[in-house]
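What follows is a short report on a single structure.
Proteins come first, then strands; the chains are lettered A, B, ... in the order of their sequence lines, and each starts at number 1.
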Protein chains: 2
Amino acid sequence: MNDLEDLDGQGPLWQQIRRALIRPMRDGTWPPGTKIPKEIEIMERYGAARMTVHRALRSLAAEGSISRRRRAGTVVADRPPERPLLEIWDIGAEVERLGGAYSFEILARETLDGDDPRAAALGLEDGTPVLHLVVRHFSDGSALQIEDRLINLGAVPAAAEMGFDSEPPGTWLVGNVPWSNAEHVITAEEATRDIARLLSIRTGTACLVVERRTWSDGQPITWARFVHPGDKRRLVGRFRSGSE
Amino acid sequence: MNDLEDLDGQGPLWQQIRRALIRPMRDGTWPPGTKIPKEIEIMERYGAARMTVHRALRSLAAEGSISRRRRAGTVVADRPPERPLLEIWDIGAEVERLGGAYSFEILARETLDGDDPRAAALGLEDGTPVLHLVVRHFSDGSALQIEDRLINLGAVPAAAEMGFDSEPPGTWLVGNVPWSNAEHVITAEEATRDIARLLSIRTGTACLVVERRTWSDGQPITWARFVHPGDKRRLVGRFRSGSE
DNA sequence: CAGTGGTCTAGACCACCGC
DNA sequence: CGGTGGTCTAGACCACTGA
């Protein structure tokens, strides 16, 4: 019943409770469909008022992580990453969710000086070193995405020690580096010769390109550019009006 | 000071207050930068508790419609539609925000039977008539977007009477039909010959395609497919982590 | 330093819907 | 019908920051 760890003492109480509830959902202790403790139990567990607990749960319900019904209680949502277009977006998880076999390959890895023009997309001003990676992602052996990524080693020094052989850098960052803001820019571009070769498509094929920048408390964390064949990938976003 | 109309009595009090605050922002009574009444004033205006008023304001702040700072008060955000990728997305407003001159042209208009295969995208089951429109949108006279739209006349009969000569159908729908859910699907496709001709681009140019479906209480309202030259349009979305 | 928003409490009533 | 979540209240203290 109580897989709930203690609170971390960081920030408002409702956000602490929110994080405490997310942890067992993320690490698999509460798989989708699990019934989670009711408001009164969480209230007693942490000694908070019901409104405070309710606010944490409402926040999780608004983003689709949990599903709540009167009388029936609260359960972990079937597809916690309900908004692939929003927030963080993990291609490996998505390939597997669609029933494919996911794999990836590091095509290039180098450490750039902060003043290297190729590191400019991160928006760093000083000479902080930057890790540059090129990754190719596969679904059932066919190339699905080329990822070009920059990681600010000043903010994430641990990335320099990572081999990224069992886990791609994007997945590792999601699990290990907190972020507070993200920006996505989505465009359509024709495949260059290099991209076409890497994705096994014809030069000039329409590609969906997503650029994502992520910050933590105003400090740039990572920049990534994802290129997919236009016919193999679609972004879907669902939205509710008004009600928060 | 008090441009606030009475509440509409529909649904929870905090949502009624939310709507009452949105109205003067939408109709221009409170342009961006306007300082809006403080929590205590709204509280007295409607006889609600401060927590209830706060919840309405927090919801508006979370979606970027207002900006709040301690001591300074609450102001209407500079760019109320902060999330062009989310919610409703009005190309005319965006063209003008970027300093362009917006215009549009209705290329086709017809009423389809509900069982016409072209109306299938709306997902209607009975034989409800559907209005089909093709619209071309311009920025400074150059074609920026082709819009293919279906409107469920069973849910929005007033659309049949509209000329759409001063206002394009998308803008009219946003202002006149409430919606509760929306779905966006984003892909990249090569321009067909017809699309290329309408957008004055080369056949095969990479295009960004957005399909949007909108529902109101489970009833389909409209389906639209927007095609833009990939180099003339980018979708931007900004997100904050966790904190609602 | 004082005004504003951010949070939290302890309690209450109600609506819904599964048991 | 009763348990659960949804809402609302009246009050309180605190954090931040602009005047």
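- Note on A:T74: a side-chain N or O is less than 4.0 Å away from OP1 or OP2 of D:dG5.
- Rounded to whole Å, the distance from CD1 on A:I40 to C1' on D:dG5 is 10 Å.
- Taking the side-chain contact (heavy atoms from CB on, under 4.5 Å) definition, one finds that A:M162 meets it with A:F164, A:W172, sequence neighbours left out.
- Scanning for side-chain contact (heavy atoms from CB on, under 4.5 Å) contacts around B:R45 gives B:N2, B:L4, B:D6, with sequence neighbours left out.
- Taking atom CD1 on A:I36 and atom P on D:dT4, their separation rounds to 13 Å, with Å as the unit.
- With sequence neighbours left out, B:E5 forms a salt bridge (Lys or Arg N to Asp or Glu O under 4.0 Å) with B:R23.
- The only option from A:T52, A:V53, A:I17 that meets the side-chain contact (heavy atoms from CB on, under 4.5 Å) definition with A:Y46 turns out to be A:I17.
- Take A:H137 and apply the ring pair (Phe, Tyr, Trp, His ring centres under 6.0 Å) test, not counting sequence neighbours, and it matches A:Y102.
- Contacts of A:P157 classified as side-chain contact (heavy atoms from CB on, under 4.5 Å), with partners at least two apart in sequence or in another chain: none.
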- [ ] Between protein and nucleotides 14-19 of chain D, map the contacts as a letter string: B base, S sugar-phosphate only, - none, heavy atoms under 4.0 Å, written 5' to 3'.
- [x] -BBBBS

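- Shown here are the salt bridge (Lys or Arg N to Asp or Glu O under 4.0 Å) partners of B:D116, two or more places apart in sequence or in another chain: B:R118.
- Looking at residues two or more places apart in sequence or on another chain, you find a salt bridge (Lys or Arg N to Asp or Glu O under 4.0 Å) between A:R19 and A:D8.
- Residues passing the side-chain contact (heavy atoms from CB on, under 4.5 Å) test with B:R70, sequence neighbours excluded: none.
- The stretch residues 42-51 of chain B touches DNA chain C through B:R50, B:M51, each having a heavy atom within less than 4.0 Å of the strand.
- For A:R68, the salt bridge (Lys or Arg N to Asp or Glu O under 4.0 Å) partners at least two apart in sequence or on another chain are A:E39.
- For DNA chain C, the contact window with chain B, defined by any atom under 4.0 Å from a protein heavy atom, covers C:dA2 to C:dC8 in 5' to 3' order.
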